[in-house]
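What follows is one structure encoded as structure tokens, with my remarks underneath.
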Amino acid sequence: FTVWIFYGMSMLALIVLRYKCPKMNRPYKVPIVIPAIVLLISIYLVIAPIVDNPQIEYIYSIMFMLAGAIIYLPFVHYGYVFTFMDKLTSFLQLILQIAPPCGIADDEYSGL
């Protein structure tokens, strides 16, 4: 169920980018009919189980994805960081013994 939501969003993004940025460099170009068919199939495979046999688990799955999007926006997209986060990170690294090795700079270690 959930994976087909993401397949559908990927195909929708491909179709939108095809029309918004037609001159964008692409390693290979898929005929537009293929993403359109996959989008229609994914819509069917998401809606059909809900209509056929509605269960509370579908709502849980959708709520979990929406919560992830709500958390993503301020902290990843906009880069908001709490003031206590550096101290908490250092504390957890020491307690859990997962600190980066000595001698590696932060910018070098983050690229691993």
Side-chain angles (χ1 to χ4, degrees):
F1 172 77
T2 305
V3 74
W4 281 103
I5 292 174
F6 288 106
Y7 288 156
M9 288 191 305
S10 297
M11 294 304 115
L12 182 64
L14 193 144
I15 292 169
V16 166
L17 280 176
R18 179 71 60 88
Y19 287 107
K20 286 183 87 173
C21 305
K23 302 292 184 193
M24 183 182 282
N25 186 19
R26 296 174 177 86
Y28 60 92
K29 197 169 185 177
V30 178
I32 198 71
V33 96
I34 293 173
I37 291 171
V38 173
L39 178 62
L40 291 175
I41 291 170
S42 68
I43 289 171
Y44 174 76
L45 290 174
V46 168
I47 293 176
I50 296 172
V51 172
D52 184 42
N53 186 13
Q55 296 177 351
I56 194 75
E57 286 82 9
Y58 296 128
I59 294 175
Y60 293 155
S61 178
I62 292 170
M63 286 174 37
F64 188 73
M65 288 185 289
L66 288 175
I70 290 170
I71 291 171
Y72 172 84
L73 280 174
F75 299 115
V76 176
H77 185 70
Y78 294 117
Y80 180 75
V81 178
F82 288 115
T83 55
F84 65 87
M85 196 57 76
D86 288 334
K87 291 180 183 179
L88 178 66
T89 300
S90 298
F91 175 74
L92 289 175
Q93 285 177 345
L94 289 173
I95 294 296
L96 300 173
Q97 297 180 354
I98 55 172
C102 295
I104 296 180
D106 287 339
D107 55 345
E108 293 175 14
Y109 187 70
S110 64
L112 294 178

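Given the structure is predicted, the values throughout are model-derived calculations rather than measurements. One-based numbering along the sequence shown.
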Fellow cluster residues of Ile70, listed by chain then number, with links counted only when side-chain atoms sit under 4.5 Å apart | none
For Ser90, the side-chain contact (heavy atoms from CB on, under 4.5 Å) test, sequence neighbours excluded, returns none
Please set out all donor-acceptor pairs under 3.5 angstrom arising from side-chain atoms of residues 8-30, sequence neighbours excluded.
| residue | atom | partner | partner atom | Å |
| --- | --- | --- | --- | --- |
| Ser10 | OG | Phe6 | O | 2.9 |
| Arg18 | NH1 | Val30 | O | 3.1 |
| Arg18 | NH2 | Val30 | O | 2.6 |
| Arg26 | NH1 | Met24 | O | 3.1 |
| Arg26 | NH2 | Leu17 | O | 3.3 |
| Arg26 | NH2 | Cys21 | O | 3.1 |

Tabulate below the donor-acceptor pairs under 3.5 Å that side-chain atoms of residues 37-65 make, not counting sequence neighbours, or state none.
| residue | atom | partner | partner atom | Å |
| --- | --- | --- | --- | --- |
| Ser42 | OG | Val38 | O | 3.3 |
| Ser42 | OG | Leu39 | O | 2.8 |
| Ser61 | OG | Thr2 | OG1 | 2.6 |

Donor-acceptor contacts, no H, no angles, side chain residues 74-81, under 3.5 Å, sequence neighbours left out:
none

